[in-house]
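Here's the structure, in structure tokens; my notes come after.
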Amino acid sequence: MTEHNFFNNVYELVKLIPFGRVTSYGAIAKYLGSKSSSRMVGWALNASHVPDFDIPAHRVVNRNGQLSGKAHFGGNRMQELLEKEGIEVENDKVKHFKELFWDPEVLTP
DNA sequence: GTGGTGACGACAC
DNA sequence: GGTGTCGCCACCA
């Protein structure tokens with residue numbers, strides 16, 4: 001059963017992101033134990049293109065709150081989804097990002 | 001087996 | 001304060 005550790009942890013974590021909340025690659029990477037591995041987080045989310053992965057990757061943005069992966073969603077799909085959740089997006093960036101930011105360490109006991 | 005790349009982050013200058 | 005460079009680990013050619 002998916003013992004891929006790093007990748008699998010990313011999937012599980014992203015799925016745990018609450019509605020109307022966002023997180024950053026660095027936060028996930030840091031939670032996994034390697035803050036510098038933020039690139040791997042993006043690569044892991046790359047699997048979100050697979051139907052089996054019900055991952056709200058649109059809730060994951062970079063440290064600046066910018067929708068860095070928007071282009072991979074195929075247009076403004078990412079922004080549409082975020083706005084649909086009540087998240088205000090402007091200039092491809094999440095407004096009040098720090099307020100909407102969800103830290104995985106907060107949820108974990 | 002090696003090299004290059006990648007949805008980022010932090011540090012140096 | 002902005003730009004440039006390195007680092008991180010996994011996948012593809």
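The shown structure was predicted, so the numbers you read here are calculated from the model rather than taken from an experiment.
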For this session: Give A:A57 one of three labels, base, sugar-phosphate or nothing, depending on what nucleic acid heavy atoms sit under 4.0 Å from its own.
Result: base
For this session: Under 4.0 Å between any heavy atoms, over every strand shown, what does A:N62 touch: base, sugar-phosphate, or nothing? Just pick one.
Result: sugar-phosphate
Seminar exercise, completed: Smallest heavy-atom separation, A:V14 atom then A:A57 atom, equals CG1-N, 4.4 Å
Exercise. Are A:L16 and A:W102 side-chain neighbours, meaning at least one heavy-atom pair lies under 4.5 Å?
Worked result: yes
Exercise. Do any N or O atoms from the side chain of A:N91 and from the backbone of A:K93 form a donor-acceptor pair under 3.5 angstrom?
Worked result: no
Seminar exercise, completed: note: A:N46, atom CG; C:dA10, atom C1'; distance rounded to Å ~ 11 Å
Exercise. So do the side chains of A:P56 and A:F19 get within less than 4.5 Å of each other, counting heavy atoms only?
Worked result: no
Exercise. Can A:L67 and A:L82 be said to form a side-chain contact (heavy atoms from CB on, under 4.5 Å), step by step?
Worked result: CA-CA 10 Å; A:L67 283 58; A:L82 289 171; 3.5 Å; yes
Exercise. Does the side chain of A:F97 reach to within under 4.5 Å of the side chain of A:S24, using non-hydrogen atoms?
Worked result: yes
Exercise. Can you check the A:L45 CG to C:dA10 C1' distance for me, whole Å?
Worked result: 14 Å
For this session: Specify the separation, in whole Å, of atom CH2 of A:W43 and atom C1' of C:dC12.
Result: 8 Å
Exercise. Rounded to the Å, how far apart are A:F73 CZ and B:dA7 C1'?
Worked result: 9 Å
Can you check nucleotides 6-8 of chain C for protein contacts, nitrogen or oxygen pairs under 3.5 Å, and list what you find?
| residue | atom | partner | partner atom | Å |
| --- | --- | --- | --- | --- |
| C:dG7 | O6 | A:R39 | NH1 | 2.1 |
| C:dG7 | O6 | A:R39 | NH2 | 2.8 |
| C:dG7 | N1 | A:R39 | NH1 | 2.7 |
| C:dC8 | O2 | A:S36 | O | 3.3 |
| C:dC8 | N3 | A:R39 | NH1 | 3.2 |

For this session: Verify side-chain hydrogen bond (donor to acceptor under 3.5 Å, both in side chains) between A:Q79 and A:H58, making sure each step is shown before the conclusion.
Result: CA-CA 8 Å; A:Q79 183 174 336; A:H58 59 273; over 6 Å; no
Problem set entry | Rounded distance in Å - NZ (A:K35) to C1' (C:dC9) | 16 Å
Seminar exercise, completed: Separation of B:dA7 atom P from A:Y11 atom OH, nearest Å, is 15 Å
Exercise. Any chance CG of A:D54 has more than 12 other-residue heavy atoms, nucleotides or ligands included, within less than 6.0 Å?
Worked result: no
Exercise. Does any non-hydrogen side-chain atom of A:P104 lie less than 4.5 Å from one of A:T23?
Worked result: yes
For this session: Would you write the dot-bracket representation of DNA chain B, where each base gets (, ), [, ], | or . depending on whether it forms a Watson-Crick or G-U pair under 3.5 Å and with which partner?
Result: .|||||.||||||
For this session: Could you tell me the separation between the CD1 atom of A:I28 and the C1' atom of B:dG6, rounded to a whole number of Å?
Result: 16 Å
Exercise. Separation of A:Y25 atom OH from B:dA10 atom C1', in whole Å?
Worked result: 17 Å
